[in-house]
Every structure is written in C-alpha cells, then in structure tokens.
Amino acid sequence: MNEAILLVGGKGTRLQPLTLSRPKPMVSVAGVPFLAHLVARARAAGIERLVMATSYLPETFRAYFGDGSAFGLRLEYVTETEPLGTGGAIRNAARLLTGGPDSPVAVLNGDILSGTDISLLVERHRAADADVTLHLTRVDDPRAYGLVPTGPDGRVLRFLEKPTTAADIVTDQINAGCYVFRRSVIDSIPAGRPVSVERETFPALLASNARVLGITDDAYWLDLGTPEALVRGSADLVLGRVASPALPGPCGEALLLEGARVAPDATVAGGSTIGPGATVHSGAHVSGSILLDGAVVEAGAVVRDSVIGAGAVIGAGTVLDCAVIGDRARVGSGNELRTGLRLWNGAVLAPDSVRFSPDPRTSIPAQSGVQHAAAL
Ligand code: GDD
Ligand code: MG
C-alpha cells in the first residue's frame, strides 16, 4: 500500500484575507481548491492512502474531500489541537499509517504546485535504501526557503532553514517540500510536542550520519504561499504550463466555470479563472486573475494578476493590479489601485477615492469607507 501524509495545518497568514474563512490549501486555484490538484497528483503517482494533518479550520477538508472515494483514494484526517509544527504533524499523522518500519511514506507540503513525479522519488528512495529522500529545486533567491547543499553522490550535506546570515547562503538548491521517509524515521520524531522537521529533524538526522538523499530536477515548481504566487500558479495551470488531472476544463487563455458570464466585448485572458456565477461586464479586461464565486467586474474595469473574493464587486472603470479583494468587498467605480492592495472581507472602498498607487503594504479593514480611502 502506497501511503502519504499531507501537511495542511498552516494558517496561510500571507494570503489573508482569503485565508480568514478557509485554510490556504482550500483557496480556489484554477477552479478547484488547490489541494484537489495536489490530491490528484498524489493519486496519479500511485498513492492509495493519504493522511491529512490538519490544524487550522480542520472541518473544511473533510467537508470537501470526505473519505476520498470520489478522488480515487482513501483519505484519513488527524487534527492537532495546538499546531505541532511540520515534524510534530508528521509524527502525529503517522498513527494512521499502516505500513511496516521500512515502508516508504511520502510527505507533501500542502501549498506546492509542482510537475515532479512523486513515484520516481519513491523509486529512487527505495533503490538507494535511503532514510529520507528530499525533492530539491533551484530558485533565484533561496533565502525564504530551506537551503540544501548536496555532495556529488546526492547525499544531503546540510539543511539550513531560512538562513539570515550571508555566509549561510551556500547554494541555490532548496527544499521543495516533498519528501519520502522510511517509516521508522518518522516514528523516531518526538511525540506530543511541536517539532520543526526543517530546523530539528533534518539537522539531527544529518548529525547522526543518516542516509539523507537529495534529488534535484528542473520540473515546474512554485510555493503558492503569497498572493503573487497564487495567481501565477493558477494562471500557469489554466494556460497548461503545468499539468493537473484536477483542472475542471480545457487549458486556454481563461477557464470559465459553470454559470460564469463574460460580455461579448469583454476580454478574459492570461490564464484567468472566472468562477461559478461570476460576471465580467461589457468592455472589462481581466487577465492573470482569479474571480471567485459570484464575483462581479463591472463595465470597463481592468483587473490584472489579482484575486477577487466570492461575491466581491469591482466598480465600473476601476483599475486593479496585484490586488487581493476579500469576500463580499466592494471597490467603488473609478479607482486606480496599482500595487498590491488588500481589501478585507466585506470592506468598502468608495467610488473615485484612490487615483494613485498606495503603499504595497496598505490594507483596508472591514467597515472602512471614504475616510480610509482619503487617508491613502
Ligand atoms: N499540520 C500542520 N501543523 N501543518 C503545518 C504546520 C503545523 O503546525 N505548520 C506548517 N504546516 C504545513 C503548512 O500548511 C504547509 O503546507 C507546510 O506545512 C509548510 O509550511 P509553510 O508555512 O508553507 O512553510 P514555508 O513555505 O515557509 O517553508 C517550507 O516550505 C519551503 C518550500 O516551499 C519549508 O519546508 C522550507 O524548507 C521549504 O523550502
Ligand atoms: Mg509554503
């Protein structure tokens, strides 16, 4: 039986307000909760049993995925009363594994969009008789990740999680958030307390000379933890730059879900997703963006690289770039917001109140209106 653990307990703080009402892996990406892409990918790699390690808003996962039968595999759930960190979550979820001490267990971060074939990692792990095998990828700026230098034989030399000193930036090779563990290694992680697999478990395994293997490839890879990455990943799925068995329609410039309406003279492009019941009115342009259920883009508005929350309304003629607009929020007509505005769920921005680029960190809380907008 091929088994895996999915780490889905994070709070997704960087994606607020989208993650106030749903956990990060349940945010809609290319028409389905992101996790549906990940589950489909695991299934395609031959995973038959998957344990979801939940913590934040745990009930939302079971409500969507149930026992997994609709997704072609068996799903189990464990919930941490207090978040146990990545290592603690893996240890806690292992209670529900059925394999013996030498069985390989795949472990996946719940926010990674990747084209890597997990079954190849498992094969290489078995062939090398490794204790842990890590999928690695290369990025331009590795500082926000776990740095993982390897030797010529692929053995991992060090694990440096989010290093803060320049001397520790020793490689552009990073932990891609997908591992294969020997079951007995998981059972040796301390139980009942928070453990970081990146800061504690991996360094300890290396110090004890365990066989930790790194496999680097150049497959598509993106951590969807920020709004910019979320819209990029969604657009890449819609455009077909990375394949997903869970994409609910054909690849193309835009994915229109059931009940979506686009006026004949509006344009939807760049891998946009127009969610169920969402409307794009006459002359509007939507590109590289996600419109969630029932969102409305009024006539002549321009929405680029943004997420528009469920039931939110973008007023006529308004221009939005890289924005995250919360559920049911309203951006009045005639505004121009070019750098990463976040509007909280239910917040209202009055018409004609912003005509220049606010600070990228600007966010407007719920119940704000003209005054806040003027203050910008
Ligand atoms: N169950 C549970 N409990 N899950 C957790 C917890 C917890 O306490 N904390 C984090 N997770 C889950 C998150 O939901 C996410 O799927 C995964 O663990 C990784 O957490 P992130 O918060 O997304 O970490 P990161 O992106 O900053 O860094 C990690 O991923 C990088 C690759 O994207 C690290 O593993 C880095 O080493 C790695 O390079
Ligand atoms: Mg992440």
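Numbering of ligands and ligand atoms starts at 1, following listing order. When a residue number appears, it is its place in the shown sequence, counting from 1.
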For ligand 1 and Ile174, I'd like to know whether there is a polar contact (N/O to N/O, distance under 3.5 Å). no
Distance alone, cut at 3.5 Å: any donor-acceptor contact between the side chains of Ser333 and Glu298? no
Provide the atom name of the closest N, O or S atom of Asp223 relative to the Mg ion (ligand 2). OD2
Just need the protein heavy atom nearest to atom 26 (O) of ligand 1, so name the residue and atom and give the distance. Asp223 OD2, 2.8 Å
Going by the order shown, which atoms of ligand 1 are within less than 4.0 Å of some heavy atom of Leu84? 8 (O)
Within-cutoff protein neighbour (heavy atom, under 4.0 Å) for atom 14 (O) of ligand 1: yes
Kindly check if the number of other-residue, nucleotide or ligand heavy atoms within 6.0 Å of CZ (Arg155) is above 12? yes
Closest to atom 39 (O) of ligand 1 among protein heavy atoms sits Asn175 O, 2.7 Å
Among all protein heavy atoms in this structure, tell me which lies nearest to atom 7 (C) of ligand 1, with the distance rounded to 0.1 Å. Gly85 N, 3.5 Å
Is there at least one pair of N or O atoms, one from Leu7 and one from ligand 1, spaced under 3.5 Å apart? yes
Closest non-hydrogen atoms of Arg328 and Asn345, given as atom of the first, atom of the second and distance, are NH2-CB, 4.0 Å
Which bit of Ala53 is near ligand 1, meaning a heavy atom under 4.0 Å away: side chain, backbone, both or neither? both
Considering heavy atoms of the protein only, find what lies nearest to atom 23 (O) of ligand 1 and give residue, atom and distance to 0.1 Å. Asp111 OD2, 2.8 Å
I'd like to know whether CZ of Arg43 has more than 12 heavy-atom contacts from other residues, nucleotides or ligands below 6.0 angstrom. yes
Give the contacting part of Tyr56 toward ligand 1: side chain, backbone, both or neither, where contact means a heavy-atom distance below 4.0 Å. neither
Looking only at heavy atoms, is any part of Phe202 under 4.0 Å from ligand 1, and if so is it the side chain, the backbone, or both, or is it neither? neither
Of Lys162, His135, Glu80, Glu198, the one whose closest heavy atom lies nearest atom 24 (O) of ligand 1 is Lys162
Is there a path of hydrophobic side-chain contacts, each under 4.5 Å between heavy atoms of I/L/V/M/F/W/Y residues, joining Met26 to Val8? yes
Give me the residue, atom name and distance of the protein heavy atom closest to atom 11 (N) of ligand 1. Gly10 N, 3.7 Å
Under-4.0 Å salt bridge between Asp141 and Arg143: yes
Which residue holds the protein heavy atom closest to atom 4 (N) of ligand 1, what is that atom called, and what is the gap in Å? Gly9 N, 3.0 Å
For atom 20 (O) of ligand 1, closest protein heavy-atom neighbour: Thr86 CG2, 4.7 Å
Looking at every heavy atom in both Val170 and Pro149, which two are closest together, and how far apart are they? CG2-CG, 4.0 Å
Looking only at N, O or S atoms in Asp111, which is nearest to the Mg ion (ligand 2)? OD2
Suppose we measure from atom 29 (C) of ligand 1 to each protein heavy atom; which comes out shortest, and what is that distance? Asn109 ND2, 3.7 Å
Looking at Glu82, Lys11, Lys24, the heavy atom closest to atom 22 (O) of ligand 1 belongs to Lys24
